[in-house]
Amino acid sequence: MQDDSARDRILAAVRAIPRGQVAGYGEVARRAGLPGRARLVARVLAANDDAALPWHRVVRADGRIALPPGSAGWREQSRRLVAEGVQVDQGRVRMPRAGGPGRLDALLWGPDGD
DNA sequence: GCGCTGACGCGAT
DNA sequence: CATCGCGCCAGCG
């Protein structure tokens, strides 16, 4: 039951990320109704073939790109994020808001007030 | 059926 | 702030 359904929910959660914003794997999983399945999200993104899927908006909880630094996917993701206006430095996304104290539940950042 | 690996997360050092 | 280690889930040899 959590085969195609879960995958579809994850994809939907990823597509729900507004342009210019990024979300963590764990956050996406939680939004998909699959708390703790962050790795499943990664697996789904790795297997997804939808070019329209904004997979590049999904990063690690610390704001770092999950893909191996230097790899094609890594460069592609960072390039896409920058193209959308997201500040990326050395493969890590700048956190303009969630950097504050006790703001770990957000895990959703944006270039402006969202 | 077992153990390793990985596009993860979080607390501890 | 950078690393390390442990826990969790799913795919593969």
Side-chain angles (χ1 to χ4, degrees):
Chain A
M1 171 187 150
Q2 45 189 232
D3 291 52
D4 294 330
S5 325
R7 188 193 64 178
D8 190 53
R9 275 193 288 263
I10 291 172
L11 294 176
V14 174
R15 293 193 183 103
I17 305 174
R19 182 178 178 282
Q21 286 192 317
V22 292
Y25 287 86
E27 189 61 22
V28 171
R30 207 175 89 75
R31 284 188 176 210
L34 303 164
R37 281 33 173 197
R39 295 193 100 131
L40 180 60
V41 175
R43 184 107 197 99
V44 170
L45 290 184
N48 113 86
D49 58 336
D50 191 338
L53 186 75
W55 59 270
H56 55 276
R57 293 179 193 153
V58 185
V59 296
R60 279 177 76 156
D62 21 34
R64 287 203 171 191
I65 294 177
L67 290 143
S71 66
W74 180 90
R75 278 185 295 171
E76 180 66 13
Q77 182 166 14
S78 51
R79 193 191 73 80
R80 281 198 178 195
L81 288 175
V82 173
E84 290 191 356
V86 179
Q87 288 185 289
V88 183
D89 176 52
Q90 288 293 295
R92 54 189 123 112
V93 177
R94 292 280 193 168
M95 309 201 261
R97 295 186 180 290
R103 204 75 169 106
L104 292 174
D105 52 84
L107 262 310
L108 196 69
W109 312 287
D112 269 281
D114 58 272

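Order of the sequence lines sets the chain letters (A, B, ...), proteins ahead of strands, with each chain counted from 1.
For A:Asp89 and C:dC1, the CG to P distance is 12 Å, given to the nearest whole Å. Distance CZ (A:Arg30) to P (B:dC10): 11 Å, rounded to an integer number of Å. In this structure, the CZ atom of A:Arg80 is 19 Å from the P atom of B:dA7, given to the nearest Å. For the pair A:Asn48 CG and C:dA10 P, the interatomic distance rounds to 19 Å; values are reported in whole Å. In this structure, the CG atom of A:Asp62 is 15 Å from the P atom of B:dA7, given to the nearest Å. Nucleotide C:dC8 holds its C1' atom 14 Å from the CG atom of A:Leu34, rounded to whole Å. Between the CZ atom of A:Arg43 and the C1' atom of C:dG11 there is a distance of 5 Å, given to the nearest Å.
For B:dG11, the paired nucleotide is C:dC4, the pair qualifying as Watson-Crick or G-U wobble because both relevant distances are below 3.5 Å. Taking a pair to require two hydrogen-bonding distances under 3.5 Å in either a Watson-Crick or a G-U wobble arrangement, B:dG1 remains unpaired.
Contact check, A:Arg60 against B:dC8: a side-chain N or O comes under 4.0 Å of OP1 or OP2.
Nearest-nucleotide mapping onto DNA chain C: of A:Arg64 and A:Arg37, the residue sitting toward the 5' end is A:Arg64. When each of A:Gly36 and A:Arg92 is assigned the nucleotide of DNA chain C bearing its nearest heavy atom, the one mapping closer to the 5' terminus is A:Arg92.
Distances were taken from every side-chain heavy atom of A:Arg39 (C-beta onward) to each of C:dC9, B:dA7, C:dA2; the shortest belongs to C:dC9. When each of B:dC10, C:dC12, B:dA7 is scored by its nearest atom to the side-chain atoms of A:Ala61, the top-ranked nucleotide is B:dC10.
The nearest pair of heavy atoms linking A:Val44 to A:Arg7 is CG1-CG, 3.6 Å. Summarising the geometry of A:Gln77 relative to A:Val58, their closest heavy-atom pair is NE2-O, 2.8 Å, with the distance given to 0.1 Å.
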>> Set out, in order, the CA-CA distance, both residues' side-chain angles and the distance that settles side chain to side chain contact (heavy atoms under 4.5 Å, CB included) for A:Arg19 and A:Arg57, then state yes or no.
In response: CA-CA 8 Å; A:Arg19 182 178 178 282; A:Arg57 293 179 193 153; 3.4 Å; yes
>> Applying salt bridge (Lys or Arg N to Asp or Glu O under 4.0 Å) to A:Glu84 and A:Arg80, what does each step give before you reach the verdict?
In response: CA-CA 6 Å; A:Glu84 290 191 356; A:Arg80 281 198 178 195; over 6 Å; no
